[in-house]
Amino acid sequence: MGSSFENVKSLGGNLWKTTPVDERKAEVIAQRFNLPLLVSRIIASRGLDVSEVENFLNPKLQNLLPEPFVLKDMQTAAQKIAQAIMQGRKIAIIGDYDVDGATSSSVLRLFLESVGVNPLIHIPERDEGYGPSCLAFDEFAAQGADFVITVDCGTTAFDVFDYAKGKGFEVIVLDHHEAEAKLPNVSAVVNPKRLDEENDYPYLKYMAAVGVVFVTIVAINRELRQKGFYQTHKEPNLIQWLDLVALGTVCDVVPLLGLNRAFVRQGLKIMAQHHNIGLKALIDKSSINEALGAFHLGFVLGPRINACGRVGEAALGNRLLCSQDEFQASMLADKLNEFNTQRKEIEGYVLEKAIEMLEGTPQTYPIAFVFGHDWHQGVIGIVAGKLKERYHVPAFVMSIEEDEVKGSARSIPGIDLGALIIAAKEGGYITKGGGHTMAAGFSLEEDKIEDFRRFVGEYVERQLGHEAITPILEADGVLDAAGANVDLADSLSQLEPYGAGNSEPKLILERVRINKPKLVGSGHVSCYLSSANGGSLKAMAFRVADTDIGPAMLNSHGESFNVIGVLRHDNWQGRNSVQFIIEDVMRVE
């Protein structure tokens with residue numbers, strides 16, 4: 001391994017390390033699957049056993065989708081929903097306002113419509129709060145529904161479901177959020193994260209809610225077939241909805257391993273056929289003019305659907321994805337684009353105010369802790385993520401509302417936000433909250449803000465100490481520019497789709513010269529990278545003009561650099577070449 005970057009701080013302020021690899025395993029994978037050693041080393045470093053590599057490289061539903069009834073309560077849920085369909089009961093769906101909620105409610109709705117049921121849909125607005133509400137059940141009762149399925153929510157909605165039971169509702173929960181030992185008093189709770197769930201198929205725990213819904217419709221479909229329903233009705237082809245399953249899975253940032261990998265790989269193929277009228281309209285309005293990949297789902301389509309839940313009308317995502325009318329779909333896609341533009345403006349305003357607040361006053365603790373009265377609660381999570389990236393510390397962003405303060409937090413390695421929030425709740429600093437290791441949401445009273453700041457600051461300081469944290473960029477391999485070619489990019493593409501749990505491989509190109517650098521667009525630098533071995537390739541560094549990286553590249557004058565980034569195909573104007581997307585740069589002394 002090259003050592004010209006070990007223990008040296010980069011121009012981006014990072015330390016670079018290479019991922020440790022079991023070399024023997026890498027060689028076995030290379031020989032068995034006929035892969036370049038660099039690619040097999042990446043697979044080996046991701047913790048896969050040799051026996052799992054075939055399903056990783058060729059993820060197929062028939063190999064990875066287990067018997068649906070391995071999940072607790074699945075049999076009950078499938079039987080009850082099938083029965084409700086056959087009895088013609090009025091069925092209603094409660095979803096969530098994010099992309100996973102929109103796709104979950106849409107997959108279930110499209111399946112029900114295909115078997116002759118027109119369900120009622122309730123997607124709560126943000127100010128109504130997450131999950132099922134008494135308001136939703138009152139609305140359903142008024143419209144004659146008595147059978148409710150919640151998707152992407154409901155596992156801990158104890159009080160609301162007691163209220164629903166009192167009004168005569170039968171309820172099924174399809175969810176993937178963390179569960180407590182106690183479960184709500186409903187007919188069935190299908191959730192791979194139930195504490196009493198068997199762990200024979202650990203990949204099921206990774207599913208987004210839309211994955212849980214898909215496995216459920218497989219089970220319902222089987223029940224309907226066994227009951228003879230399809231002797232008088234046309235049986236739907238469930239595979240047609242994998243495009244929505246892929247979208248929700250990528251956007252909910254669940255690990256793209258096991259079954260999720262099959263959902264996304266197969267779902268992208270379905271999406272390319274443009275069967276879903278609403279998705280096609282959104283793709284057209286998003287000006288995507290290349291083959292769709294997980295990147296487009298997570299960073300182009302997802303944010304547009306998310307925007308309606310953040311700053312617009314929460315139900316529009318479901319309406320678009322279930323639209324059967326091209327004109328209506330086009331209008332809805334336009335609306336989502338408008339909401340997304342609005343979301344970016346609001347987010348930009350809140351981020352600017354937050355940076356002013358942090359940089360205008362000395363900070364006592366190694367945290368970014370900010371709040372404001374006119375900050376839209378729909379964007380505070382995104383702003384927290386950007387502050388964490390900018391300052392390399394845990395970030396807490398709060399919106400002061402009339403009745404309470406709503407907050408969102410994002411963390412760095414070393415600080416478990418889930419544990420921090422539980423401790424803050426136990427200490428009486430916040431009224432409610434929950435989350436994962438790296439992300440959390442919470443609420444508190446306005447007069448507790450300073451106490452909460454002190455609690456969080458001291459908690460983080462105890463975990464991290466006083467030393468400034470130097471972020472680490474981990475590379476999957478080191479090579480010469482001559483090796484960064486189309487053949488390598490083709491081999492690397494077998495590792496797609498990339499996302500949580502399977503990130504796009506980062507590569508270090510050692511001792512390259514930066515040729516023909518020029519400033520392009522809004523602060524990007526394009527150039528060619530060349531090595532002493534005669535290798536040369538096109539490269540781009542995005543948004544670096546106002547960092548130390550931009551000027552160093554523009555004024556390099558034949559110096560040697562190490563660069564870290566990702567290798568991608570460059571098919572612009574029909575060419576078949578590669579380009580390197582630079583994430584960080586280091587001078588070679």
Side-chain angles (χ1 to χ4, degrees), residues 59-75 77-78 81-82 85 91 93 95-96 98-115 117 119 149-154 172-177 188-193 197 201 203-225 235-271 273 275-276 279 294 297 302 305 317-318 321-322 497 499:
K60 293 185 175 144
L61 279 180
Q62 63 256 42
N63 298 336
L64 289 161
L65 184 67
E67 170 69 43
F69 299 138
V70 299
L71 286 167
K72 293 251 190 273
D73 277 7
M74 179 63 91
Q75 190 129 26
I81 296 169
I85 290 167
I91 299 175
I93 299 169
D96 187 18
D98 66 358
V99 183
D100 192 20
T103 50
S104 297
S105 56
S106 298
V107 168
L108 184 56
R109 175 180 167 182
L110 289 166
F111 169 73
L112 290 174
E113 286 176 351
S114 77
V115 293
V117 175
I149 306 166
T150 73
V151 295
D152 197 23
C153 58
I172 306 281
V173 173
L174 308 179
D175 196 8
H176 75 131
H177 287 94
V189 177
V190 179
N191 182 340
K193 291 204 183 100
E197 196 53 84
Y201 299 91
Y203 285 139
L204 294 180
K205 274 193 166 46
Y206 298 155
M207 283 193 295
V210 71
V212 178
V213 169
F214 185 80
V215 176
T216 306
I217 66 172
V218 170
I220 302 165
N221 201 52
R222 188 181 297 177
E223 283 293 313
L224 289 172
R225 195 185 304 130
E235 183 169 346
N237 174 15
L238 308 187
I239 299 300
Q240 66 183 308
W241 298 307
L242 281 175
D243 49 3
L244 300 185
V245 180
L247 179 60
T249 298
V250 170
C251 292
D252 218 51
V253 201
V254 290
L256 293 191
L257 299 167
L259 181 56
N260 285 347
R261 230 175 126 62
F263 282 152
V264 177
R265 183 77 74 84
Q266 304 307 321
L268 282 166
K269 291 178 188 168
I270 302 293
M271 203 177 285
Q273 296 166 16
H275 291 314
N276 185 298
L279 259 187
L297 275 56
I305 294 170
N318 173 272
L321 298 176
C322 296

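Computed from a predicted model, the values in this text were never measured in an experiment. The chain is numbered in sequence order, starting from 1.
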I need the minimum non-hydrogen distance between [X] and [Y], along with the two atoms involved.
X	Y	result
Val254	Tyr206	CB-O, 3.1 Å
Val218	Pro68	CG1-CG, 3.9 Å
Val70	Glu197	O-OE2, 3.5 Å
His177	Asn191	O-ND2, 2.9 Å
Pro192	Met207	CG-CE, 4.2 Å
Asn276	Leu244	ND2-CD2, 3.8 Å

Asn318 and Ser105: side chain donor to acceptor below 3.5 Å: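 Judged by distance alone, the side chains do pair up.
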
Hey, does [Y] have a side-chain heavy atom less than 4.5 Å from the side chain of [X]?
X	Y	result
Val190	Val215	no
Leu65	Leu259	yes
Val210	Trp241	no
Leu204	Pro66	yes
Leu257	Tyr203	yes

Side chain to side chain donor-acceptor pair (under 3.5 Å) partners for Asp98, two or more places apart: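 With neighbours one apart ignored, the set is empty.
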
Summary of side-chain hydrogen bond (donor to acceptor under 3.5 Å, both in side chains) pairs that have at least one residue in residues 214-225, sequence neighbours excluded: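 Output for this query lists Glu67-Arg222, Asn221-Tyr230, Asn221-Glu235, Glu223-Lys227, Arg225-Glu235.
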
Pairs involving residues 99-114, ordered by first then second residue, that meet salt bridge (Lys or Arg N to Asp or Glu O under 4.0 Å) (sequence neighbours left out):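 Matches after skipping sequence neighbours: Arg109-Glu113.
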
Main-chain N/O of Gly101 paired with Asp96 side-chain donor or acceptor, under 3.5 Å: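 The answer is no, because no donor-acceptor pair under 3.5 Å joins these two groups.
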
Asp73 (side chain) donor-acceptor with Val189 (main chain) under 3.5 angstrom: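 Yes; judged by distance alone, with no hydrogens or angles, the pair exists.
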
Among Leu224, Ile149, Leu108, Val117, the one residue meeting side chain to side chain contact (heavy atoms under 4.5 Å, CB included) with Ile81: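 When Leu224, Ile149, Leu108, Val117 are each tested with Ile81, the side chain to side chain contact (heavy atoms under 4.5 Å, CB included) holds only for Ile149.
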
